[in-house]
2 protein chains.
Amino acid sequence: MTSPRARRSPRRTEALSRERIVEAAVGLLDAAGEGGLTFRALTERLATGPGAIYWHVANKGELLGAATEAVVAAAVATGPQRTGRAGGTEGAEGAEESGGAAEAAREGIRCVALGLFDAIEEHPWLAPQLAGQLSRNPGGPVAPRIFENIGRQVRALGVPGDSWFTATSALVHYVLGAAGQNAANTASGRALGPDADRAGFLDAVSTAWEGLDAEDYPFTRAVADQVREHDDREQFLAGIDLVLAGITALHLPAGRPGGSPEA
Amino acid sequence: MTSPRARRSPRRTEALSRERIVEAAVGLLDAAGEGGLTFRALTERLATGPGAIYWHVANKGELLGAATEAVVAAAVATGPQRTGRAGGTEGAEGAEESGGAAEAAREGIRCVALGLFDAIEEHPWLAPQLAGQLSRNPGGPVAPRIFENIGRQVRALGVPGDSWFTATSALVHYVLGAAGQNAANTASGRALGPDADRAGFLDAVSTAWEGLDAEDYPFTRAVADQVREHDDREQFLAGIDLVLAGITALHLPAGRPGGSPEA
DNA sequence: ACCTGAACACCGTTCAAGT
DNA sequence: ACCTGAACACCGTTCAAGT
């Protein structure tokens, strides 16, 4: 209007684009959760009006979907190179020793799963997004992306073709369920206070479970102390291994390429 | 009317209570999804003002939590008596034959899981609720209720105590992940049109997956037709059995009380 | 084509006031 | 104690109007 030059807004020009909008949306979601994503906060952050955003994006739902897709794509892309304990299996392609390829596939599954786990923990708003409206647009690329990455490793494991869908679905469902639950936990932990970050929250849950009615909740009470001491990632991987063991037992031919000694 | 004899007075008196409010909330959620729960719709349905509702309920979040708890409680309570294929194992308590108790425990797990599965399918708004803010109030009774019901059967299975938490967590996570994903699917199916109820939606997903890039999504494309033909409940139970097989392989003593002949 | 910004309908929540 | 209902701040979305 008045002066197209030099206004004290740090990023006045820069040209608005769908990519920049999605980027800003992810930033708002990370900073303040699902409630933090607002068209008004977005217009302020991007120094525009709502109409400009609606030119690039149909509505809030599509924006949430695009943010979800962006984060998931980044997560499964960088998954294999993570710094966590699930690295160092680059011999997967050439491995031909009995069970070597299968074990590499198992490591690959753990990698993809951990990538999603970390992404959901880093962006807790992802969990309900994936759980509640992932398939709002079934043609959308986020469901196939997860499915493809895990499914390839299932195939490499040696699972026969008619069990691919069952085995892959089970893994994906476990990953989404576990990671989602975990995100809910970390989110609540933050809400309790930034200092009592994680241990404090687990302690609160554990104490609450110990205080349950002894007659109605004997099992939950008995397990309460295991809640206090468990490690999230470790527990998550233990669950993955449980599903993998089930796949090995039910879907792998008797040759058990898993590498475990015959018993 | 004002007469106490009056049969079904849709509104008027009836005395407002927290229970009646939660009941109405579930009705609105079932009818129109999460967006259907509105204080204005609630006031109209209950013939009151918003202040009356706020007298019994702190805010919308608490109302959603109460609705979730009510539905989950009903689901796990009626689970064992369902009409589905997972009934008829009332001999669990007295069974002493080798493996009989363990197999009964497995059936019990399938029952509880199917109860939750059906509840989420019947109330699709439950899925993000359970995934995203189940542990918003960790002392709340919904997480322990699910955990307790599955955990007891895990104990009955013969899993040693120090694996209870791992095994039960894996089962719960799978159930929540699978049921949540399924609810998203059915919800999208309804959105596509009431006539193309379920098969039409699966067909759409299958076709979309077949149309994916051949180089980026070879596995997903190869599995597309299995998507079209699969049955939700069957697939869900197959996943349960996968996790159960993993628990048997990793956490059950060598005596394998599962009933399978020794090998 | 891309952007502006006032305006609209609707939402959760509050609160002085009633019984 | 329990309920009423106007009012408030905020939200997603639209659209005539500008460049």
> DNA chain C: S17(A) or K60(B), which has the more 5' nearest nucleotide?
Replying inline: S17(A)
> Is the shortest distance from a Lys or Arg side-chain nitrogen in E215(A) or R221(A) to a carboxylate oxygen in the other one below 4.0 Å?
Replying inline: no
>> Any side-chain N or O of W55(A) below 4.0 angstrom from OP1/OP2 of dC3(C)?
In response: no
Polar atom pairs (N or O), protein with nucleotides 5-9 of chain D, under 3.5 Å:
unit_1: dG5(D); atom_1: O6; unit_2: G51(B); atom_2: N; d: 3.1

>> Could you work out, with side-chain hydrogen bond (donor to acceptor under 3.5 Å, both in side chains) as the rule, every residue matching E19(B), not counting sequence neighbours?
In response: none
> Is the Y54(A) to F39(A) ring centre distance short of 6.0 Å?
Replying inline: yes
>> Check this one for me: any side-chain N or O of H56(A) less than 4.0 Å away from OP1 or OP2 of dA1(C)?
In response: no
> Do the side chain of T43(A) and the main chain of R40(A) share a donor and acceptor less than 3.5 angstrom apart?
Replying inline: yes
>> Is it the case that the side chain of Y174(B) and the backbone of F236(B) share a donor-acceptor pair, with hydrogens and angles ignored and the cut-off at 3.5 Å?
In response: yes
> Based on Watson-Crick and G-U pairs with both distances under 3.5 Å, what dot-bracket line describes DNA chain C 5' to 3', crossing pairs as [ ] and inter-strand pairs as |?
Replying inline: ||.|||||...|||||.||
> If you round to the nearest 0.5 Å, how far is CD of E229(A) from CD of Q235(A)?
Replying inline: 11.5 Å
>> Using only atom types and a distance under 3.5 Å, with no angle test, would you say the side chain of E62(B) pairs donor to acceptor with the backbone of V57(B)?
In response: no
